[in-house]
Peer 1: 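The following block contains the structure, expressed as structure tokens.
Numbered from 1 within each chain, the chains take letters A, B, ... in sequence-line order.
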Number of protein chains: 2
Amino acid sequence: MPPGSNVTADDVAAEAGVSRWTVNRAFKKDASISARSREKVMQAAERLGYVPDLRAASLASDRSNLVALLVDDFANPHKLVMMERLTRVMRREGWDTLLVNTLDKADAGPALINASQRRVDAVILIGLQFDDEVLAAAQHARRFPKLLIFARSSANPDTISIAVDDVSAMKEIAAYVDARGYRRPMFVAGPRTSSAHLLRKETFRDYWIERHGRRPDCVNVDAYDPALSGAAVEAALAGRGADLPDVLVCENDALAIGAIDILRHRLGLRVPEDIAVTGFDDIPQADSLNYQLTTYRQPLTEMAEYLVEVLNSSETRDFSRIFEGRLIERASA
Amino acid sequence: MPPGSNVTADDVAAEAGVSRWTVNRAFKKDASISARSREKVMQAAERLGYVPDLRAASLASDRSNLVALLVDDFANPHKLVMMERLTRVMRREGWDTLLVNTLDKADAGPALINASQRRVDAVILIGLQFDDEVLAAAQHARRFPKLLIFARSSANPDTISIAVDDVSAMKEIAAYVDARGYRRPMFVAGPRTSSAHLLRKETFRDYWIERHGRRPDCVNVDAYDPALSGAAVEAALAGRGADLPDVLVCENDALAIGAIDILRHRLGLRVPEDIAVTGFDDIPQADSLNYQLTTYRQPLTEMAEYLVEVLNSSETRDFSRIFEGRLIERASA
DNA sequence: GATGAATTTGCACGCGCGAGCAAAAACTTT
DNA sequence: AAAGTTTTTGCTCGCGCGTGCAAATTCATC
């Protein structure tokens with residue numbers, strides 16, 4: 001079947017002895033059509049190898065059932081987990097996913113325009129949030145789609161955020177670390193982008209200041225990349241002699257894993273005996289024998305299902321919602 | 001800008017004082033248009049927030065510039081690397097990516113139909129290949145797109161395979177292991193799917209039989225998932241007492257990493273002193289301090305660039321091509 | 001079997017843009 | 001400045017389907 005020869009609904013209509021509209025109705029979920037003619041149509045379609053053209057459908061109906069997934073951070077294994085969960089749930093509900101690699105920070109705007117040209121119904125950011133400039137670009141885009149932030153909280157009223165409560169989650173981690181008797185924590189933070197991104201770090205800091213009157217040490221990493229995290233931690237600990245922290249509280253698992261590798265293999269320290277480590281996300285590796293990382297799990301499936309609800313809804317209210325995660329206690333802290 | 005109000009090329013044309021066709025030409029890369037009117041159009045477009053509608057363009061031109069990326073194996077970290085590389089290169093050249101989660105084996109057919117409804121110009125499989133049944137479904141699909149296999153060789157004449165030479169790569173690994181003096185290898189293989197998939201395993205086996213007259217042990221894992229790999233290796237080694245292999249030759253890094261974790265943390269063995277391990281793919285973790293995995297690297301960027309060439313070409317010859325990879329020697333073997 | 005209600009089917013029109021050609025405009029050449 | 005050449009612009013028609021309504025058919029009821 002060469003690319004040129006397109007079977008259209010008209011062909012199927014002729015084959016089945018019905019009108020073109022009946023053919024297309026046969027492929028709609030709950031269209032007004034009798035079982036008998038649907039059957040006839042389906043058989044004819046099968047014979048001819050017909051499948052409806054979603055481009056045309058989308059053009060005519062002004063709904064694409066397509067969402068853009070913007071990802072800028074492929075070094076973080078958690079992205080893979082989130083992609084899997086999202087695409088699985090979305091596909092089941094008839095939503096397709098446009099994967100857009102936001103090459104770098106400056107590229108977020110063009111990436112958004114790119115998606116906009118396909119007339120996506122929504123744009124999803126996973127694990128990060130829109131810069132204000134990007135948001136402005138989005139608003140300017142001719143067809144302003146829903147802007148969803150998955151697995152990150154955001155205070156921006158123009159976006160819908162589906163995430164766990166960073167504040168209460170981090171408080172739980174802090175309380176856990178505190179209760180375990182650790183007294184010299186160091187926070188390992190990811191890249192500093194805008195506003196709410198710092199929530200976890202600030203929450204931990206505030207907690208510690210309130211309880212112990214001291215501001216915990218902190219190290220910043222430029223990306224959620226285990227290799228970079230390791231390097232940053234090593235640099236931070238170099239030259240401190242015996243004055244080491246007793247626990248590294250990491251903004252997420254990607255950072256934690258890089259830190260653990262460095263502690264063990266470069267600094268010759270044991271985890272958790274010499275330095276404990278906590279993460280966030282509960283990526284698959286966190287549960288591996290090698291890391292046994294104490295971390296915090298978000299209910300991703302539940303969140304993904306809610307996200308699809310939001311996609312399916314035509315209301316325009318603010319759908320932002322906070323989910324309950326839970327601390328996963330393992331050997332690393 | 002509410003969803004209903006669409007700015008079309010006509011609006012921009014009026015604003016700029018030109019015809020609609022001039023507007024659309026202004027957005028085409030090398031269209032026949034004067035610099036002056038393109039400038040006029042672009043400014044008008046900017047003012048109105050206009051971006052061309054790719055659905056309509058695709059409908060009219062019969063080219064979508066969209067490819068479907070079928071992924072079924074989100075447990076393998078290498079998928080993330082390949083996705084990044086592919087989307088990066090493709091986007092630069094104006095190709096968008098539809099990420100299709102092939103939920104399970106039986107779902108490959110429906111996934112293909114799904115993609116076909118968006119009239120993708122090509123379907124890419126990464127790291128696995130089409131089952132024969134799926135291929136049949138694809139052929140049946142009304143618009144038969146290019147079928148590409150990325151990072152796996154395939155003998156099927158209807159598909160285009162872009163990969164390294166599994167046979168020579170595995171021979172190189174085998175020779176390396178052999179030269180290092182290992183004599184009791186065990187091959188850790190991934191899921192058995194069709195035909196060429198077994199290439200690595202068979203190549204290693206044949207090499208070993210030829211050189212040493214013995215058939216190496218082998219363990220099969222149901223998916224490229226470190227956790228499953230660990231379990232399978234543990235089961236295979238249980239009850240063998242001191243009769244252990246001296247090297248695990250793994251079909252890829254995902255399997256190797258799971259194996260290493262088990263060897264170290266469950267069986268109390270050292271890598272490579274007690275048992276060495278080799279992988280395939282050179283995923284980021286292979287280079288981590290923790291694993292230092294000897295593995296085989298494919299030239300992914302080069303391969304992705306070639307893939308885009310294939311996409312851009314309108315010829316129909318067989319574009320399959322073999323690339324040169326190289327052995328990355330690290331501490332694990 | 002006639003009547004009204006409910007279901008099913010058919011259709012005019014439009015979604016936004018591209019191919020390919022003809023008309024117009026802008027340059028060259030003599 | 002006229003004629004020829006090249007570049008630029010405008011336009012007809014069609015891509016395949018959805019919306020919303022009217023016509024036709026089927027079903028239920030008495």
Peer 1: Roughly, in whole Å, what's the span from CG in Leu48(A) to P in dG16(D)?
Peer 2: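 In whole Å, dG16(D) P lies 14 Å from Leu48(A) CG.
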Peer 1: Using atom NZ of Lys28(A) as one end and atom P of dT9(C) as the other, report the distance to the nearest whole Å.
Peer 2: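 Rounded to the whole Å, the gap is 17 Å.
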Peer 1: What is the distance from NZ of Lys40(B) to P of dT9(D), rounded to the nearest Å?
Peer 2: 8 Å
Peer 1: Calculate the interatomic distance between Tyr50(B) atom OH and dG16(C) atom P; express it in whole Å.
Peer 2: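 Checked: the OH to P distance equals 10 Å.
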Peer 1: For Ala35(B) and for Ser61(B), find the nucleotide of DNA chain D with the closest heavy atom, then tell me which residue's nucleotide is more 5'.
Peer 2: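 The residue whose closest nucleotide sits nearer the 5' end is Ala35(B).
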Peer 1: Tell me whether Glu84(A) is salt-bridged to Lys79(A), with the criterion being a basic N under 4.0 Å from an acidic carboxylate O.
Peer 2: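 No, this pair does not count.
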Peer 1: Expressed in angstrom and rounded to an integer, what is the separation of Arg63(B) atom CZ from dG18(C) atom C1'?
Peer 2: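 To the nearest whole Å, that distance equals 12 Å.
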Peer 1: Tell me whether the OP1 or OP2 atom of dT9(C) has a side-chain N or O from Ser34(A) closer than 4.0 Å.
Peer 2: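 Yes, Ser34(A) has a side-chain N/O under 4.0 Å of OP1/OP2 on dT9(C).
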Peer 1: Rounded to whole angstrom units, what separation is found between the CD atom of Gln117(A) and the P atom of dG16(C)?
Peer 2: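 It works out to 15 Å between those atoms.
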Peer 1: Measure distances between side-chain N and O atoms of Trp21(B) and base N and O atoms of dT8(D), and say whether any donor-acceptor pair falls under 3.5 Å.
Peer 2: no
Peer 1: Would you mind telling me which of dT9(D), dC15(C), dG16(C) lies closest to the side-chain atoms of Ala60(B)?
Peer 2: dG16(C)
Peer 1: When you measure from the side-chain N and O atoms of Thr22(A) to the phosphate of dG10(C), is any distance below 4.0 Å, counting only OP1 and OP2?
Peer 2: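 Looking at the OP1 and OP2 atoms of dG10(C), one of them is under 4.0 Å from a side-chain N or O of Thr22(A).
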Peer 1: With respect to the side chain of Ser37(A), which nucleotide from dC17(D), dC17(C), dT8(C) is positioned closest?
Peer 2: dT8(C)
Peer 1: Round to the nearest Å and state the distance from Asp53(A) atom CG to dG16(C) atom C1'.
Peer 2: 14 Å
Peer 1: Is it true that Tyr306(B) and Phe319(B) have ring centroids separated by less than 6.0 Å?
Peer 2: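 Not under 6.0 Å, so no.
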Peer 1: Roughly how many Å is it from CG in Asn24(A) to C1' in dG20(D), rounded to a whole number?
Peer 2: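 Going from CG in Asn24(A) over to C1' in dG20(D) covers 15 Å.
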Peer 1: Within the pair Asn6(A) and dG16(D), is there a side-chain N or O less than 4.0 Å away from OP1 or OP2?
Peer 2: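 Looking at the OP1 and OP2 atoms of dG16(D), one of them is under 4.0 Å from a side-chain N or O of Asn6(A).
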Peer 1: Both Leu59(B) and Arg38(B) contact DNA chain D. Which one's nearest nucleotide lies toward the 5' end?
Peer 2: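 The residue whose closest nucleotide sits nearer the 5' end is Arg38(B).
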Peer 1: What is the distance from atom CD1 of Ile124(B) to atom CG of Leu98(B), rounded to the nearest 0.5 Å?
Peer 2: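 Ile124(B) atom CD1 to Leu98(B) atom CG measures 11.0 Å (nearest 0.5 Å).
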Peer 1: Is it true that Tyr224(A) and Phe74(A) have ring centroids separated by less than 6.0 Å?
Peer 2: no
Peer 1: Could you check if a side-chain atom of Leu59(B) sits within less than 4.5 angstrom of a side-chain atom of Leu59(A), using non-hydrogen atoms only?
Peer 2: yes
Peer 1: Looking at dG10(D), does its base get a donor-acceptor pair with the side chain of Arg25(B) below 3.5 Å?
Peer 2: yes
Peer 1: For the side chain of Arg20(A) and the base of dG18(D), is some donor closer than 3.5 Å to an acceptor across the two?
Peer 2: yes
